[in-house]
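What follows is one structure encoded as structure tokens, with my remarks underneath.
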Amino acid sequence: MVDSIRIKLALWFVCMVMLLYSVDSIASLMVFKISLMRSVDVGLEDLIAEIEPSVKTINGKPSLEEWHEEAKGKHPILATVQIYDVKGKPIEEYGPEGVPQLHNGHLRVRTDDRSLRSMFSKIEQDGKTTGYIQLQVSTKPQDDAIEQFFLVVMVVAPFIAAGVGICAYLFSGQAVKPIERTLLMLRRFVADAGHELNTPVATIEACLETLKDPHKLGDMSDDVFRMMERASDRLRHLSKDLIVLARIEDPESEMMRSNVPVKELAESVIAELGTIARERKIELVVQPIPDVMMYGHHESILEIFNNLIENAIKYSEEGGKVRIAVEQKDANLHITVADNGVGIPADSINNIFDRFYRVDKSRSRDVGGSGLGLSIVKAAVERHSGNVTVESEPGKGTTFRVTLPLARVGT
Ligand SMILES: Nc1ncnc2c1ncn2[C@@H]1O[C@H](COP(=O)(O)OP(=O)(O)OP(=O)(O)O)[C@@H](O)[C@H]1O
Ligand SMILES: [Mg+2]
């Protein structure tokens with residue numbers, strides 16, 4: 001798929017470059033032709049200016065016979081010179097050696113050249129028009145030059161197309177790399193999500209089968225219902241996390257920013273999770289929270305507090321202690337959640353923010369984790385141009401530190 005995108009990009013690029021090349025070549029060709037014809041015209045103007053004074057009146061008609069005799073010996077005449085009387089009837093024609101002259105009073109058309117350039121001028125004597133002089137010159141050398149120019153343009157075109165195509169294909173490889181990475185991540189994400197959803201569904205199916213058969217069920221009905229309840233809890237938890245993650249990563253969430261009362265929000269999360277902490281005999285030590293407003297996405301900030309504190313409780317042993325500190329320094333909000341729980345091994349610490357990653361899958365399953373909590377924290381922090389760090393020592397505890405800008409920033 002990525003290869004076909006690269007080929008399409010390269011083809012588009014080649015088409016664009018060739019289009020520009022064609023436009024540029026046509027424009028250059030036209031400019032070249034105009035300047036060539038202009039130089040021909042200048043030559044004709046000079047020649048007319050040279051010939052005009054030599055026109056004599058013989059028998060009341062203009063003639064160049066004398067001039068022609070004289071000019072023949074001096075230099076070859078490159079143009080065809082034609083003299084017309086006042087009525088426009090051709091009288092004389094002189095031209096380069098071998099060019100036919102007037103024939104039965106009609107001008108011959110030079111058929112050996114594809115094009116001729118001509119210039120016309122009045123012959124005036126004593127303020128009276130006595131006839132007309134016309135110069136014609138073959139533009140064959142100019143036509144040949146234009147043809148050669150065109151030929152070069154055509155010969156060079158396939159090489160340019162091939163060169164541009166190869167370069168575009170190579171460079172598009174770099175351009176599509178992020179797309180390739182995103183597609184790979186997306187494929188992994190879908191596969192992992194499918195796997196995570198499959199497990200509770202399979203549990204529920206197995207429980208239903210047992211419920212259908214009274215012989216198999218025996219006196220296990222309570223256990224079966226408990227298993228179904230846990231599986232459906234897991235499904236709910238997973239689908240909620242997937243929705244939250246999608247919402248936080250949605251660029252539209254930018255639009256839903258507002259002034260979030262940090263103290264109120266943090267205290268509501270702590271109060272809710274305090275019940276679970278008490279059940280597990282874990283002490284929550286909370287430093288006084290400053291009454292500040294943060295411009296941000298309410299749900300994202302709530303998820304940061306919720307996931308970090310929930311993890312700290314979940315991954316602590318009975319009798320453990322979780323310290324929560326929220327401080328305002330400069331224009332930033334600093335959140336610290338530290339526990340003295342199980343800790344994270346050094347070789348896992350770089351993966352804990354990956355989706356569906358759990359250090360100890362069996363423990364997470366017992367405590368009901370799907371491995372999306374810290375991905376949500378990371379996405380939420382990045383959405384606010386903040387950062388999150390973690391320090392941990394297995395058996396001693398873990399500390400998460402989050403820094404979030406309080407004011408509006410361009411993300
Ligand atoms: N405070 C902590 N102490 C020890 N390990 C932790 C802590 N926080 C996270 N972890 C480890 O990092 C893993 C990923 O955490 P995350 O919050 O993403 O997933 P989860 O807690 O397993 O599931 P979920 O949050 O989706 O319910 C956890 O499974 C756990 O192994
Ligand atoms: Mg978690």
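Counting starts at 1 for both ligands and their atoms, following the listed order. Because only heavy atoms are used, hydrogens play no part in the values below, and waters and symmetry mates are left out as well, while side chains stay in. In this text the structure is predicted, and so the values were computed from the model without any measurement.
Here's the thing with Ser375: none of its N/O atoms is less than 3.5 angstrom from an N/O atom of ligand 1. Looking at ligand 1, you won't find any N or O of Glu310 less than 3.5 Å from one of its N or O atoms. For the pair Leu374 and ligand 1, the shortest N or O to N or O distance falls below 3.5 Å. On a distance-only criterion, Asn311 and ligand 1 share at least one N/O pair closer than 3.5 Å.
If you number the atoms of ligand 1 from 1 as listed, the ones under 4.0 Å from a heavy atom of Ile352 come out as 12 (O), 14 (C). Against a heavy-atom cut-off of under 4.0 Å, Arg358 is close to the following atoms of ligand 1: 22 (O), 29 (O). Taking every heavy atom of Asp241 and a limit of under 4.0 angstrom, the matching atoms of ligand 1 come to 26 (O). Distances below 4.0 Å separate heavy atoms of Phe400 from the following atoms of ligand 1: 1 (N), 8 (N).
The six-membered or imidazole ring of Phe356 lies near that of Phe189, with a centre-to-centre distance under 6.0 Å.
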Q: Test side chain to side chain contact (heavy atoms under 4.5 Å, CB included) on His384 and Met294 and set out the steps.
A: CA-CA 10 Å; His384 288 84; Met294 182 187 154; 3.6 Å; yes
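Using a 4.0 Å cut-off between heavy atoms, Val377 makes no contact with ligand 1 at all. Here Thr398 has side-chain heavy atoms under 4.0 Å from ligand 1, and that is the only part of it that gets that close. The part of Ile344 lying near ligand 1 is the side chain, judged by heavy-atom distances below 4.0 Å.
With hydrogens and angles left out, the side-chain atoms of Tyr132 and Gln134 include no donor and acceptor closer than 3.5 Å. With 3.5 Å as the limit, one finds a donor-acceptor pair spanning the side chains of Asn307 and Glu303.
Side-chain atoms of Thr336 never come within 3.5 Å of backbone atoms of Phe400 as a donor-acceptor pair (strictly under, hydrogens ignored).
Using a 4.0 Å cut-off between a side-chain N of Lys or Arg and a carboxylate O of Asp or Glu, Lys140 and Asp143 do not qualify as a salt bridge. One finds a salt bridge joining Glu209 and Lys212 here, because a Lys/Arg side-chain nitrogen approaches an Asp/Glu carboxylate oxygen to under 4.0 Å. Taking 4.0 Å as the cut-off between side-chain N and carboxylate O, Glu196 and Arg358 count as a salt-bridged pair.
Put simply, Asn307 stays out of reach of the Mg ion (ligand 2), with no N, O or S atom under 2.8 Å from it.
Between Leu302 and Glu299 there is no side-chain heavy-atom pair separated by less than 4.5 Å.
Of the candidates Tyr357, Phe353, Phe356, Tyr315, it is Tyr315 that places a heavy atom closest to atom 4 (C) of ligand 1.
Put simply, no part of Gly341 is less than 4.0 Å from ligand 1, judged by heavy atoms.
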